[in-house]
There are 2 protein chains.
Amino acid sequence: MSAGFPIGRAAEQSGVKVPTIRYYEEIGLLPAPPRTGSNRRLYGDDELKRLAFIRHARELGFDVDAIRTLLSLQDNPQQSCAAADAIARDRLLEVRARISRLRALERELERMADNCAHGHVGECRVIEILADGTHEHGRLGD
Amino acid sequence: MSAGFPIGRAAEQSGVKVPTIRYYEEIGLLPAPPRTGSNRRLYGDDELKRLAFIRHARELGFDVDAIRTLLSLQDNPQQSCAAADAIARDRLLEVRARISRLRALERELERMADNCAHGHVGECRVIEILADGTHEHGRLGD
DNA sequence: TTGCTATTCTCCAGTGACTATAGATTAGGG
DNA sequence: CCCTAATCTATAGTCACTGGAGAATAGCAA
């Protein structure tokens, strides 16, 4: 039954820095929390999870707009199936594309570390790995 | 035996916009190409691959510094095994962390699309999926 | 050759997502 | 009560682009 905690603790718990939390509130990613009598923000566990989610999603390279749509799935569970489905499917395609790129890069980095273990660096082919010509110029994320 | 192509064609081939190519040159991610008599940049296939690589890596959320170290593997194949190995291993850890996060998100999005197919949205748990408390506060990428 | 549009050039200002600083106020411990 | 740490608002700076202004050049058609 805690009455909530201040922004500093929210920051250290969520891994999102204090000014960034205020920034997220400003741009509407995080709802404005209640304040104390002396005007200080009071956070609870829900905003903590939301913050950590935003942090991870940003680290994965999603831009704020993508995160907004992801959070809208969470926030409006009553919205039309069609809308939620469209959002989920789009993000799913994007996520899968990212995974396959990362796995290709993973294999190449493994190969290099492996070669190193045997005493020689060999040519690095990271460029060839990711520089394949598959142009889907429709943006995939940011 | 083409004498190279101008920046516009390099842009459309690589998927990197013209001003962004000039920017990459400015910050030293892309070597300054030769110029024509009238001072226009002339690119070849190698720069093209490098550009596409940079584009993909940025889309995957690597920052310019990370890309710089990745490219350094490519650029100095003669460098010490220890150095190359360290870079490759670090990036590998990072890449794997990203992959596992993305796979968790993939599963949740699949579940949602799946639920939708059966007529109900259900609660969205994207937040719980990524908002786990595993704090490795050492930055992983950017 | 002349005319015309497209492309390139450099430089500089603007955007998105933070990140840091300044100055004032408040909280909480000794 | 005092003092340091945390918080507040507001503003400015950073990173990685992105777009615009204005001038020069390319390339093609008449």
Side-chain angles (χ1 to χ4, degrees), chain A residues 2-30 32-44 47 50-71 137 139-142, chain B residues 2-30 32-44 47 50-71 137 139-142:
Chain A
S2 110
F5 28 82
I7 198 167
R9 259 174 66 72
E12 91 194 39
Q13 300 271 88
S14 66
V16 179
K17 292 176 190 157
V18 169
T20 307
I21 295 177
R22 291 197 274 250
Y23 171 71
Y24 286 156
E25 181 182 329
E26 194 183 312
I27 64 171
L29 268 194
L30 195 69
R35 302 280 185 121
T36 68
S38 59
N39 200 35
R40 300 188 171 196
R41 292 166 178 84
L42 278 181
Y43 295 95
E47 2 317 79
R50 198 178 177 97
L51 277 171
F53 172 78
I54 296 171
R55 178 168 86 89
H56 290 311
R58 290 291 298 124
E59 280 170 4
L60 292 173
F62 293 99
D63 66 7
V64 166
D65 250 43
I67 296 173
R68 227 184 276 277
T69 66
L70 241 16
L71 287 173
H137 267 200
R139 313 308 334 287
L140 66 156
D142 346 58
Chain B
S2 110
F5 30 86
I7 198 168
R9 260 173 65 73
E12 89 194 40
Q13 302 269 90
S14 67
V16 179
K17 293 178 190 157
V18 170
T20 307
I21 295 178
R22 290 197 273 251
Y23 172 72
Y24 286 156
E25 181 183 328
E26 194 183 312
I27 64 172
L29 269 193
L30 196 68
R35 303 278 185 123
T36 68
S38 59
N39 200 34
R40 298 186 173 199
R41 293 165 177 85
L42 279 180
Y43 295 95
E47 298 56 13
R50 199 176 176 95
L51 277 172
F53 172 79
I54 296 171
R55 178 168 87 90
H56 291 310
R58 291 290 297 125
E59 280 169 4
L60 292 174
F62 293 98
D63 67 6
V64 167
D65 249 42
I67 295 174
R68 225 185 278 276
T69 66
L70 241 15
L71 287 173
H137 266 198
R139 313 307 337 284
L140 67 155
D142 339 60

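Order of the sequence lines sets the chain letters (A, B, ...), proteins ahead of strands, with each chain counted from 1. Every value quoted in this text rests on a predicted model; they were computed, and no experiment measured them.
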Restricting both atoms to N or O, compile the protein contacts to nucleotides 14-16 of chain C shorter than 3.5 Å, with distance only.
none

Between D/dG20 atom P and B/Lys17 atom NZ, what is the distance in whole Å? 11 Å
Nearest heavy atoms of A/Tyr43 and A/Ala10, plus distance in Å: CD1-CB, 3.8 Å
Could you grab the distance from atom CD1 of A/Ile21 to atom CG of A/Leu51, nearest 0.5 Å is fine? 5.0 Å
dist A/Arg50:CZ -> A/Leu30:CG (nearest 0.5 Å) comes out at 6.5 Å
At under 4.0 Å, does any side-chain N or O of A/Arg35 touch on OP1 or OP2 of D/dT9? yes
Below 3.5 Å is the cut-off: list the nitrogen or oxygen pairs between protein and nucleotides 1-6 of chain D, distance only.
| residue | atom | partner | partner atom | Å |
| --- | --- | --- | --- | --- |
| D/dA6 | N3 | A/Arg40 | NH2 | 3.4 |

Can you give me the closest heavy-atom contact between B/Gly8 and B/Val18, atom names plus distance? CA-CG2, 4.1 Å
N/O-N/O pairs, protein side and nucleotides 10-14 of chain D side, under 3.5 Å:
none

Please give me the minimum heavy-atom distance between A/Glu25 and A/Pro33, naming the atom from each residue. OE1-CD, 3.5 Å
OP1, OP2 of C/dA27 versus side-chain N and O of A/Arg9: anything below 4.0 Å? no
Between CD1 of B/Ile21 and C1' of C/dT7 the distance, given in whole Å, is 13 Å
Would you indicate which nucleotide in D/dT18, C/dT26, D/dC8 comes nearest to any side-chain atom of A/Ser38? C/dT26
The side-chain contact (heavy atoms from CB on, under 4.5 Å) partners of B/Asn39 (sequence neighbours excluded) come to B/Arg35
Check the distance between C/dT7's C1' and B/Asn39's CG and give it to me in whole angstrom. 14 Å
So do A/Ser14 and A/Glu47 actually touch side chain to side chain, heavy atoms under 4.5 Å? no
Separation of D/dT18 C1' from B/Arg58 CZ (nearest whole Å): 13 Å
Does a nitrogen or oxygen in the side chain of A/Tyr24 sit under 4.0 Å from OP1 or OP2 of C/dA17? no
Between the protein and nucleotides 2-4 of chain C, list the N/O to N/O atom pairs that are separated by less than 3.5 angstrom.
none

For atom CD1 of A/Ile67 and atom C1' of C/dC18, their distance in whole Å: 12 Å
Without decimals, in angstroms, what is the distance between B/Arg41 CZ and D/dT25 C1'? 14 Å
Closest-nucleotide mapping onto DNA chain D: is B/Pro19 or B/Gly37 further toward the 5' terminus? I mean the 5' end. B/Pro19
Can you give me the closest heavy-atom contact between A/Leu29 and A/Leu71, atom names plus distance? O-CD1, 4.0 Å
To the nearest 0.5 angstrom, please state how far the CG atom of A/Leu70 sits from the CG atom of A/Asp65. 11.5 Å
Considering all heavy atoms of both residues, which atom of A/Arg58 and which atom of A/Asp63 are nearest to each other, and what is their separation? NH1-CA, 3.7 Å
Please tabulate the protein-to-nucleotide N/O contacts below 3.5 Å involving nucleotides 28-30 of chain C, giving atom names and distances.
none

The test is side-chain contact (heavy atoms from CB on, under 4.5 Å); show your working for B/Val16 and B/Ile54 and say whether it passes. CA-CA 9 Å; B/Val16 179; B/Ile54 296 171; 5.9 Å; no
When you check the phosphate oxygens OP1 and OP2 of D/dC17, does a side-chain N or O of B/Thr20 lie under 4.0 Å from one of them? no
